[in-house]
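Structure first, commentary second.
Scope of the values below: all heavy atoms of this structure, side chains included, with no hydrogens, waters or symmetry mates.
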Amino acid sequence: MKTHLALNESIIKRASKTLVADFKISDFLFEKFRGDGLSVSTPTGSTAYNKSIGGAVMHPRVKAFQVTEVASLNNLVYRTLGAPMIIAAKDTVTFVLEDADDYLLTVDQLEYFYDKIASVTYSLDGGEIAFVNGGHTGFWHRVKNAFIGEVK
């Protein structure tokens with residue numbers, strides 16, 4: 001078992017085929033996911049790749065994390081929720097993966113290639129990051145400046 005810590009996000013996908021995974025929330029089987037991948041982001045990472053794939057922007061003071069599907073298959077045969085999910089800090093998320101030899105796990109900017117992964121479990125570790133500017137008092141101001149600009 002390997003442990004990785006992420007400040008922003010982690011993504012699990014396959015190199016060449018559809019990712020198939022049982023998606024469990026604290027041992028409750030929620031769905032069988034099929035698609036390009038699954039992204040798990042912290043509130044800090046919610047404005048990066050997560051936002052670009054349709055995830056919600058979360059204020060950094062929110063004690064939760066988010067799962068966002070990457071190009072899920074939704075048709076008459078395969079069904080997923082098809083929407084981002086905000087997961088409470090007390091819960092874990094586990095992706096039980098089908099047997100394959102081409103998994104790619106990203107953790108922030110780092111990439112890890114694995115021949116075999118039985119499952120990946122995500123949880124918040126309870127730690128907090130202190131920012132030099134004293135916190136996130138201007139979070140929505142920074143989001144507006146980064147993505148919208150001045151309203152005319």
More than 12 heavy atoms from other groups under 6.0 Å of NZ on Lys2: no
Residue pair Leu7 / Thr44: nearest heavy atoms and the distance that separates them: O-CB, 3.9 Å
Ser46 and Gln66: side chain donor to acceptor below 3.5 Å: no
Note: Asp102-Arg14 ion pair, threshold 4.0 Å (strictly below): yes
Approximate separation, where rounding is to 0.5 Å, of Asn8 CG and Thr42 OG1: 5.5 Å
Gap between atom CD of Glu98 and atom CG of Leu19 - 0.5 Å precision: 7.5 Å
NZ/Lys17: more than 12 non-hydrogen atoms of other groups inside 6.0 Å: no
Identified ring-ring contact (aromatic ring centres under 6.0 Å, His included) partner of Phe23 from the options Phe28, Phe95, Tyr122: Phe95
Non-hydrogen atoms of Gly55 and Thr68 that approach each other most closely: CA-OG1, 3.8 Å
Distance under 6.0 Å and angle within 45° of ring axis: Lys51 vs Phe147: yes
Residue pairs passing the ring-ring contact (aromatic ring centres under 6.0 Å, His included) test where at least one lies in residues 65-93, sequence neighbours excluded: none
Ser39-Asn50 side chain donor-acceptor pair, cut-off 3.5 Å: no
Nearest heavy atoms of Lys116 and Asp101, plus distance in Å: NZ-CB, 4.5 Å
